[in-house]
Amino acid sequence: MIAGNIKAIASGKTTITVKAEENSVQAQIEISVYSKVTNIVIDEKEIYMCLGDTIQINGYVEPNDANNKEISYSSTNKEIVPVNQDGLITALQEGNVSIIARSKENPNIKAECKVSVVRPLEDSKIHFDSSLTVNGLEISGIDYGANTVLDIKNKITTDLEIEILNYKNEPLNDTDIVGTGSKIIVKENGGILTIYRIIIYGDANGDGKINSTDLLVIQRHILEIENLKGIFKKASNIRKDGKKPTSVDLLQIQRHILDLKKIEQ
């Protein structure tokens with residue numbers, strides 16, 4: 001007997017055919033390869049929301065070729081932030097909760113997103129220049145090329161403490177460039193009142209620049225090599241239509257780099 005050893009290297013279906021050497025007799029068997037879920041990741045690990053805000057939480061299973069990609073969502077306190085089974089959360093009361101995403105295949109595999117609900121700051125407390133677009137706790141409309149910490153601070157009027165960090169949570173100096181995912185932390189007496197997140201459309205990697213590196217990052221996302229998540233995926237959607245980045249967004253970044261047409265922030 002001749003052994004016919006096979007090895008599963010990816011999920012999917014295939015057919016194995018066995019033929020006799022001396023005649024045309026043959027047999028077939030269909031093989032299904034099943035990939036188990038090994039991990040779950042969530043777009044954001046920490047979110048600040050204003051009362052009344054609604055935000056989409058996106059969870060993903062790993063590996064990408066896992067057969068069962070279904071995820072269930074739950075909240076540790078539905079009175080503060082309920083979540084539906086699509087991951088949509090709504091801020092009902094001030095407070096802190098965790099949103100848990102679990103694999104339906106294996107509920108022991110899970111990921112957590114911490115959510116803090118804060119009361120919106122009144123204009124008497126903080127005021128943003130009209131050139132900026134403030135949507136809940138997300139800020140866009142920042143002039144590309146005038147996006148240093150000092151540029152941002154000059155467009156904020158407040159007596160509260162302001163600190164700006166990059167997406168890695170590293171403090172930035174006044175001359176440092178602010179990029180996608182950077183945080184504007186508003187404090188009073190040392191305590192955090194709220195946190196705003198910055199979006200610079202076209203800046204897909206958070207360095208505050210729009211260049212060929214961003215093209216590569218978005219290309220890898222489109223080809224499903226490495227997924228963009230959260231605010232970085234939003235910054236890559238130059239069309240601002242809420243959809244996934246496509247080759248159309250790539251073209252707009254290319255035109256920006258070539259000085260043919262600048263991306264509108």
Side-chain angles (χ1 to χ4, degrees), residues 43-57 77 79-83 88-97 99 113-167 169-203 206 208 230-235 237-242 262-265:
D43 271 356
E44 304 283 356
K45 293 183 179 180
E46 182 181 28
I47 292 176
Y48 274 74
M49 302 176 68
C50 287
L51 281 170
D53 281 355
T54 297
I55 292 179
Q56 178 68 47
I57 300 287
N77 192 326
E79 301 299 318
I80 297 176
V81 179
V83 59
L88 194 68
I89 63 175
T90 303
L92 300 182
Q93 297 181 29
E94 291 181 64
N96 302 302
V97 304
I99 302 299
C113 174
K114 294 182 179 180
V115 180
S116 297
V117 180
V118 298
R119 187 175 298 277
L121 295 177
E122 299 175 0
D123 277 353
S124 59
K125 286 276 191 179
I126 189 168
H127 178 73
F128 294 93
D129 187 85
S130 60
S131 64
L132 300 179
T133 300
V134 182
N135 183 12
L137 294 177
E138 290 183 351
I139 296 178
S140 58
I142 297 169
D143 292 334
Y144 179 71
N147 56 327
T148 66
V149 168
L150 190 57
D151 291 327
I152 306 302
K153 286 182 176 179
N154 285 338
K155 294 188 176 184
I156 303 173
T157 303
T158 184
D159 291 328
L160 299 170
E161 304 167 52
I162 296 290
E163 183 181 11
I164 299 182
L165 312 180
N166 64 16
Y167 73 95
N169 290 320
E170 299 167 339
L172 297 176
N173 298 314
D174 282 352
T175 55
D176 290 332
I177 294 176
V178 173
T180 294
S182 292
K183 300 175 182 179
I184 300 174
I185 301 179
V186 184
K187 299 179 180 180
E188 187 173 43
N189 299 323
I192 295 176
L193 292 179
T194 194
I195 297 178
Y196 295 90
R197 298 286 298 280
I198 288 174
I199 299 176
I200 295 180
Y201 290 98
D203 173 29
I231 205 163
F232 298 101
K233 184 162 76 172
K234 189 175 292 188
N237 177 217
I238 317 301
R239 296 159 293 154
K240 306 182 184 69
D241 59 4
K262 291 300 182 182
I263 293 173
E264 294 183 7
Q265 297 297 325

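Residues take their numbers from the sequence shown, with the count starting at 1. Computed from a predicted structure; not experimentally measured.
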Taking everything shown except E170 itself, do over 12 heavy atoms lie less than 6.0 Å from its CD? yes
Return the minimal non-hydrogen interatomic distance between Y48 and L137, and the atom names on each side. O-CD1, 3.0 Å
Shortest non-hydrogen contact between E264 and K240, atoms and distance: O-NZ, 2.7 Å
Donor-acceptor pair, Q265 side chain versus Y201 backbone, under 3.5 Å? yes
Has E44 got a side-chain atom pairing as donor or acceptor with I231's backbone, closer than 3.5 angstrom? yes
Is the backbone N or O of L150 less than 3.5 Å from a side-chain atom of D174, with the two atoms forming a donor-acceptor pair by type? no
Can you tell me if K183 and N169 form a side-chain donor-acceptor pair at under 3.5 Å? yes
Residue pair L193 / K125, side-chain heavy-atom distance below 4.5 Å: no
Could you tell me which non-hydrogen atom of D203 sits nearest to which non-hydrogen atom of A235, and how far apart they are? O-CB, 3.7 Å
Taken to the nearest 0.5 Å, the spacing of L172 CG from N166 CG works out to 5.0 Å
Check whether NZ of the Lys or CZ of the Arg K262 lies under 6.0 Å from the centre of the six-membered ring of Y144 and within 45 degrees of that ring's axis. no
Atom NZ of residue position K155 - does it have more than 12 heavy atoms of other residues, nucleotides or ligands inside 6.0 Å? yes
Value for SG (C50) from CD (E94), rounded to nearest 0.5 Å, stands at 10.0 Å
Does the side chain of L92 come within less than 4.5 Å of P82's, by heavy atoms? yes
Just wondering, are more than 12 heavy atoms of other shown residues or ligands nearer than 6.0 Å to CD in E163? yes
For L51 and P120, work out which heavy atoms get closest and say how close. N-CD, 4.2 Å
Find the distance between CG (L160) and NZ (K187) and round it off to the nearest 0.5 Å. 12.0 Å
Specify the closest pair of heavy atoms between L165 and P171, including all atoms of both residues, with the distance to one decimal. CD2-CA, 3.4 Å
Yes or no on side chain to side chain contact (heavy atoms under 4.5 Å, CB included) for N77 and Q93, after CA distance, side-chain angles and deciding distance? CA-CA 10 Å; N77 192 326; Q93 297 181 29; over 6 Å; no
Interatomic distance, I184 atom CD1 to I139 atom CD1 [nearest 0.5 angstrom]: 4.0 Å
With side chains defined as the heavy atoms from C-beta onward, is the minimum distance between V117 and I80 less than 4.5 Å? yes
Return yes if some donor-acceptor pair links the side-chain N/O of S116 with the main-chain N/O of N96 below 3.5 Å, else return no. no
Step by step, would you call C113 with I47 a side chain to side chain contact (heavy atoms under 4.5 Å, CB included)? CA-CA 7 Å; C113 174; I47 292 176; 3.7 Å; yes
Answer whether the closest heavy-atom distance between the side chains of N135 and S140 falls below 4.5 Å. no
Non-hydrogen side-chain atoms of I162 and I126 separated by less than 4.5 Å: yes
Rounded distance [0.5 Å steps], CG in D123 versus CG in L121: 10.0 Å
List the atom of E161, the atom of E188, and the distance in Å for their closest heavy-atom pair. OE2-C, 3.8 Å
For the backbone of V178 and the side chain of N147, can you confirm whether one donor and one acceptor N or O come within less than 3.5 Å of each other? yes
Go through it in stages, so that I can follow the logic: the residues are N173 and T175, the test is side-chain hydrogen bond (donor to acceptor under 3.5 Å, both in side chains), and I'd like the CA-CA distance, side-chain angles, deciding distance and then a yes or no. CA-CA 6 Å; N173 298 314; T175 55; 5.7 Å; no
Could you walk me through whether Y196 and L132 pass side chain to side chain contact (heavy atoms under 4.5 Å, CB included), step by step? CA-CA 12 Å; Y196 295 90; L132 300 179; over 6 Å; no
Taking T180 for the side chain and I200 for the main chain, is one N or O donor matched with an acceptor at less than 3.5 Å? yes
Measure the CD1-OG distance between I152 and S182 for me, rounded to the nearest 0.5 Å. 8.5 Å
